[in-house]
*Asks:* 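Input: one structure, supplied below.
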Amino acid sequence: MIRPIYADTLFLGNALDARDLKSLYDHRISAVVDLAINEPPAQLAREMIYCRFPIVDGNGNAEATLVAAVRCVLLMVESQHRTLIACSAGMSRSPAVASVAIALTSNRSPEECLVEIVTGAPHDVSPTLWSQLKSVYSRLT
């Protein structure tokens with residue numbers, strides 16, 4: 001289920017949400033950031049922005065890929081594109097990357113942003129991925 005998380009521009013969802021054109025249109029989503037290495041690429045409408053960063057939910061991610069994913073989300077927020085961030089279940093990679101991007105744009109800590117995003121929602125953020133993303137945050141600040 002697509003859910004809003006930040007400033008009417010950023011939404012979280014899972015792999016099915018990222019491929020559900022009706023739901024994307026219903027939420028007026030104009031960009032999808034797909035983080036699921038274990039899912040096939042989505043086939044979206046021609047006018048939609050689609051960015052895919054194949055991230056694993058644990059160790060083994062290239063820092064450059066994580067930096068690019070965070071910068072992409074940050075750019076979408078700053079450009080006010082209504083953006084869905086999706087991974088397989090929408091419970092680890094999506095909220096983790098979103099938290100770092102929101103922290104960078106709002107001058108808050110990634111931890112504070114993550115707690116806000118996952119409170120009251122299913123989540124299972126990989127500690128290894130979270131550690132890698134906190135390093136990305138430090139590098140980008």
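All residue numbers refer to positions in the sequence shown, counting from 1.
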*Asks:* Between Ser23 (side chain only) and Asp17 (backbone N and O only), is there a donor and an acceptor less than 3.5 Å apart?
*Replies:*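 Not at all, since once roles are kept as given, no pair shorter than 3.5 Å links the two residues.
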
*Asks:* With a cut-off of 6.0 Å (strictly less than), are more than 12 heavy atoms of other residues, nucleotides or ligands near CD of Glu111?
*Replies:*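 It does: Glu111 CD has more than 12 such atoms within range.
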
*Asks:* Hey, is the main chain of Cys87 close enough, under 3.5 Å, to the side chain of Ser94 for a donor-acceptor pair?
*Replies:*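 Pair found, side chain donor or acceptor close to backbone of Cys87.
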
*Asks:* Verify, without hydrogens or angle tests, whether Thr83 (side chain) and His81 (backbone) share a donor-acceptor contact under 3.5 angstrom.
*Replies:*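 Answer holds: yes.
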
*Asks:* Is Arg52 reaching over with its side chain to a backbone N or O of Ala36, donor-acceptor style, under 3.5 angstrom?
*Replies:*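 Here the side-chain-to-backbone pair exists.
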
*Asks:* If the test is side chain to side chain contact (heavy atoms under 4.5 Å, CB included), which one of Leu104, Val136, Leu140 qualifies with Arg71?
*Replies:*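 So the option named by the test is Leu140.
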
*Asks:* Please name the pair of heavy atoms, one in Ala18 and one in Ala42, separated by the smallest distance, quoted to 0.1 Å.
*Replies:*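 Where Ala18 meets Ala42 most closely, the heavy atoms are O-CB, 3.9 Å.
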
*Asks:* Could you tell me which non-hydrogen atom of Thr9 sits nearest to which non-hydrogen atom of Val77, and how far apart they are?
*Replies:*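 Closest approach of Thr9 to Val77, heavy atoms only: OG1-CG1, 4.2 Å.
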
*Asks:* At their closest point, which heavy atom of Gly58 faces which heavy atom of Ser126, and how far apart are they?
*Replies:*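 Nearest heavy atoms, Gly58 then Ser126: CA-OG, 3.6 Å.
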
*Asks:* Keeping the roles fixed (side chain from Ser99, backbone from Pro95), state whether a donor-acceptor pair exists under 3.5 Å.
*Replies:*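 Confirmed, Ser99 side chain pairs with Pro95 backbone.
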
*Asks:* When you check the gap from the basic side-chain N to the acidic O, do Glu39 and Arg19 get nearer than 4.0 Å?
*Replies:*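 Not counted as a salt bridge, because no side-chain N and carboxylate O are separated by less than 4.0 Å.
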
*Asks:* Are a donor atom and an acceptor atom from the side chains of Ser88 and Arg93 found within less than 3.5 Å of each other?
*Replies:*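 The answer is yes; a qualifying pair exists.
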
*Asks:* Minimum heavy-atom separation for Pro41 and Tyr50, please, with both atom names.
*Replies:*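 Taking every non-hydrogen atom into account, CA-OH, 3.4 Å.
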
*Asks:* Which pair of heavy atoms, one from Ala96 and one from Val125, lies closest together, and at what distance?
*Replies:*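 So the two residues come closest at CB-CG1, 4.1 Å.
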
*Asks:* Identify, with sequence neighbours excluded, every residue that meets side chain to side chain contact (heavy atoms under 4.5 Å, CB included) alongside Arg3.
*Replies:*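 Side chain to side chain contact (heavy atoms under 4.5 Å, CB included) list for Arg3, sorted by chain: Ile5, Leu12, Ile117, Ala121.
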
*Asks:* Could you give the distance from OG (Ser106) to OH (Tyr6), rounded to the nearest 0.5 Å?
*Replies:*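 These two atoms lie 5.0 Å from each other.
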
*Asks:* First locate atom CG of Asp26, then atom CG of Leu21, and finally report the distance between them rounded to the nearest 0.5 Å.
*Replies:*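 Atom-to-atom, Asp26:CG and Leu21:CG are 10.5 Å apart.
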
